[in-house]
Amino acid sequence: LRKFSSLLSAVGGHSMAAGFSLENVNLEQFKTLVSHPEISADLLVKKSKYDCEIPLTAIDSKLMTRLNEFAPFGLGNPTPTFLTKKVEISHVRHMGKSNQHLKFQVGDFEAVWFNAPSPSLGSREGIGVSYDLVYSIDKNTWNNHTKLQLIVKDITPSQSKRETL
């Protein structure tokens with residue numbers, strides 16, 4: 001919007017929202033410029049970001065206690081995310097009203113991937129494939145039993161490039 005500010009009568013917002021006002025006389029020029037943005041191909045490649053790479057063996061109640069010292073998490077203080085490379089995934093099952101979520105086993109941990117874009121994960125072609133997993137760590141309490149679980153943010157076959165924060 002800043003790039004087109006000369007065409008706008010007002011522009012404003014914050015990091016999570018933006019708005020603008022436009023005079024009718026500038027509408028066609030604005031539509032033309034916006035429909036042909038100068039975007040580099042690199043900006044269109046999805047990059048999963050994480051805070052730290054750790055092995056699954058580093059995840060325990062002591063780590064969870066330390067992470068909770070940084071709470072509360074939210075807009076200005078996001079939940080820490082981690083990367084673990086070359087993990088094997090097993091016991092994949094769909095869940096949710098439209099089977100849009102996946103639950104699976106990663107090492108000793110149960111992992112949940114909400115709104116998973118990859119419904120074929122864990123299918124026959126995925127057997128024996130190792131994955132790089134980006135996730136946050138959470139507590140899951142069910143039936144008066146609490147255990148740590150992984151909340152998956154992204155999964156890619158191992159050997160893909162990632163970006164550290």
Side-chain angles (χ1 to χ4, degrees), residues 1-3 13-18 34-143 145-165:
L1 290 177
R2 287 186 186 101
K3 183 176 180 177
H14 53 80
S15 61
M16 298 300 290
V34 169
S35 64
H36 301 293
E38 297 172 18
I39 298 176
S40 70
D42 188 48
L43 289 175
L44 301 175
V45 175
K46 180 181 176 185
K47 295 176 185 142
S48 294
K49 295 184 179 184
Y50 59 92
D51 296 303
C52 183
E53 182 177 342
I54 62 173
L56 291 177
T57 55
I59 302 170
D60 58 17
S61 58
K62 186 176 178 180
L63 175 62
M64 191 70 202
T65 299
R66 293 299 309 253
L67 292 175
N68 284 332
E69 291 175 6
F70 295 98
F73 301 113
L75 184 59
N77 186 29
T79 303
T81 55
F82 301 95
L83 166 68
T84 301
K85 291 183 177 179
K86 297 182 180 178
V87 299
E88 290 196 19
I89 293 170
S90 63
H91 301 91
V92 179
R93 64 186 187 277
H94 294 270
M95 57 184 219
K97 187 175 181 179
S98 302
N99 288 325
Q100 72 274 31
H101 312 304
L102 290 178
K103 186 177 267 195
F104 50 89
Q105 197 70 26
V106 178
D108 293 334
F109 299 98
E110 198 167 70
V112 178
W113 193 7
F114 295 105
N115 299 308
S118 179
S120 63
L121 182 68
S123 63
R124 290 242 176 254
E125 64 263 13
I127 293 175
V129 174
S130 65
Y131 294 92
D132 295 346
L133 188 69
V134 176
Y135 56 92
S136 60
I137 305 167
D138 198 11
K139 287 184 180 178
N140 180 21
T141 302
W142 187 76
N143 236 4
H145 179 68
T146 300
K147 61 183 177 179
L148 297 179
Q149 71 176 3
L150 310 181
I151 305 298
V152 176
K153 307 298 181 188
D154 192 26
I155 297 175
T156 55
S158 292
Q159 298 148 4
S160 296
K161 291 185 178 181
R162 301 202 169 273
E163 183 176 306
T164 305
L165 289 177

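All residue numbers in this chain count up from 1 along the given sequence. Note: hydrogens, waters and symmetry copies are ignored here, and every other heavy atom, side chains too, is used. This structure is a prediction, so every number in the text was calculated from the model and none was measured.
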Rounding to 0.5 Å, atoms CZ (Phe104) and CG (Leu133) come to a distance of 5.5 Å

Spell out, as yes or no, whether a donor-acceptor pair under 3.5 Å connects the side chain of Asp60 to the backbone of Lys62.
-> yes

Are any of the side-chain heavy atoms of Asn140 and Val112 separated by less than 4.5 Å?
-> no

Is Leu67 close to Phe82 at the side-chain level, that is, under 4.5 Å between some pair of heavy atoms?
-> yes

Can you measure from NZ (Lys103) to NE2 (His94) and round to the nearest 0.5 angstrom?
-> 14.0 Å

Answer whether the closest heavy-atom distance between the side chains of Ile59 and Leu150 falls below 4.5 Å.
-> yes

Could you state the interatomic distance from NZ (Lys85) to CD (Gln159), rounded to the nearest 0.5 Å?
-> 10.0 Å

So do Phe114 and Ile151 actually touch side chain to side chain, heavy atoms under 4.5 Å?
-> yes

Do you know which two heavy atoms are closest between Ser158 and Asp132, and how far apart they sit?
-> OG-OD1, 3.0 Å

Where the side chain of Asp138 meets the backbone of Gln149, is there a donor-acceptor pair that is under 3.5 Å apart?
-> no

Exam field: side chain Thr79 to backbone Phe73, donor-acceptor pair closer than 3.5 Å | no

Mind running side chain to side chain contact (heavy atoms under 4.5 Å, CB included) on Val92 and Leu102 for me, showing each step along the way?
-> CA-CA 7 Å; Val92 179; Leu102 290 178; 4.0 Å; yes

Can you tell if the side chain of Lys139 reaches within under 4.5 Å of the side chain of Leu148, non-hydrogen atoms only?
-> yes

Say you draw a straight line from OH of Tyr135 to CD1 of Ile54; how long is it, rounded to the nearest 0.5 Å?
-> 3.5 Å

Do the side chains of Val152 and Tyr131 get nearer than 4.5 Å, heavy atoms only?
-> no

Which pair of non-hydrogen atoms, one from Asn115 and one from His101, has the smallest distance, and what is that distance?
-> N-ND1, 2.9 Å

Please name the pair of heavy atoms, one in Ser136 and one in Pro80, separated by the smallest distance, quoted to 0.1 Å.
-> CB-O, 3.5 Å

Looking only at heavy atoms, what is the nearest atom pair of Leu63 and Ala58, with distance?
-> CD2-O, 3.5 Å

Find the distance between OG1 (Thr156) and CG (Leu83) and round it off to the nearest 0.5 Å.
-> 8.0 Å

On a heavy-atom basis, the closest approach of Val106 and Ala111 is CG2-CB, 4.0 Å

